[in-house]
> 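Quick one: the structure is below, questions incoming.
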Amino acid sequence: MTQHELPVQGGAMQNIIQMALQGLWERAQKAVELISRLRSENADLVQRVEELEAAQRAFEAQLAEKDHLITTLQEKKATPTSVDVGDGLLYLSPDEREALERQIGDLLRRINAHLGSSR
């Protein structure tokens with residue numbers, strides 16, 4: 001080995017090390033950019049999850065309220081209503097009661113129409 005070959009090899013080795021360091025630096029910069037982007041996306045997703053969980057709690061509260069209303073209406077429907085018919089009581093379902101009210105209303109209209117036409 002001559003003295004001239006040694007510095008050339010040293011210069012080439014320095015070039016190789018510098019290129020390797022440059023490649024490493026570029027990869028590190030890309031990694032930093034990727035990590036920053038992923039952290040930002042993660043923060044957005046955490047916020048979205050919190051919003052969805054709040055919406056879910058609101059829907060669950062509405063559902064519980066409606067379930068309670070359904071239970072109340074079912075209990076009310078199961079309890080028969082009574083109408084006093086002299087000595088006994090007549091029990092009517094809500095549908096029967098509504099039909100009876102319509103019939104009574106129709107009778108009253110016919111009576112009023114009949115009384116109005118005889119004058």
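Remember, it's a predicted structure, so these values are computed and weren't measured experimentally.
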> Apply side-chain contact (heavy atoms from CB on, under 4.5 Å) to residues Gln74 and Ile70 and explain how you reach the verdict.
CA-CA 6 Å; Gln74 286 173 338; Ile70 288 170; 3.8 Å; yes
> Could you state whether Trp25 and Ile17 fall into the same hydrophobic cluster, counting links through intermediate Ile, Leu, Val, Met, Phe, Trp or Tyr residues with side-chain heavy atoms under 4.5 angstrom apart?
no
> Give me the other members of the hydrophobic cluster that Leu34 sits in, counting Ile, Leu, Val, Met, Phe, Trp and Tyr linked by side-chain heavy atoms under 4.5 Å, directly or via other members.
Leu38
> When rounded to the nearest 0.5 angstrom, what is the spacing between NZ in Lys30 and CD1 in Ile35?
14.5 Å
> To the nearest 0.5 Å, what is the distance between CD1 on Ile16 and CG on Leu21?
12.0 Å
> Which residue pairs satisfy the side chain to side chain donor-acceptor pair (under 3.5 Å) criterion with at least one member in residues 33-42, sequence neighbours excluded?
Arg37-Glu41
> From Arg57 CZ over to Glu53 CD, what is the distance, rounded to the nearest 0.5 angstrom?
6.0 Å
> Considering non-hydrogen atoms only, spot the tightest contact between Arg109 and Arg102 and give its length.
NH2-O, 4.5 Å
> Check this for me: Gln18, atom CD, are more than 12 non-hydrogen atoms of other residues, nucleotides or ligands nearer than 6.0 Å?
no
> Check which hydrophobic residues are tied to Leu69 through side-chain heavy-atom contacts below 4.5 Å, counting indirect links as well, and list them.
Leu73
> Quick check for you: to the nearest 0.5 Å, what is the distance between Leu100 atom CG and Asp95 atom CG?
12.5 Å
> Measure the CG-CD distance between Asp67 and Gln62 for me, rounded to the nearest 0.5 Å.
12.0 Å
> Compare all side-chain heavy atoms of Glu60 with those of Gln56 and state whether any distance is below 4.5 angstrom.
yes
> As an exercise, state the distance from CD of Glu50 to CG of Leu45, rounded to the nearest 0.5 Å.
11.5 Å
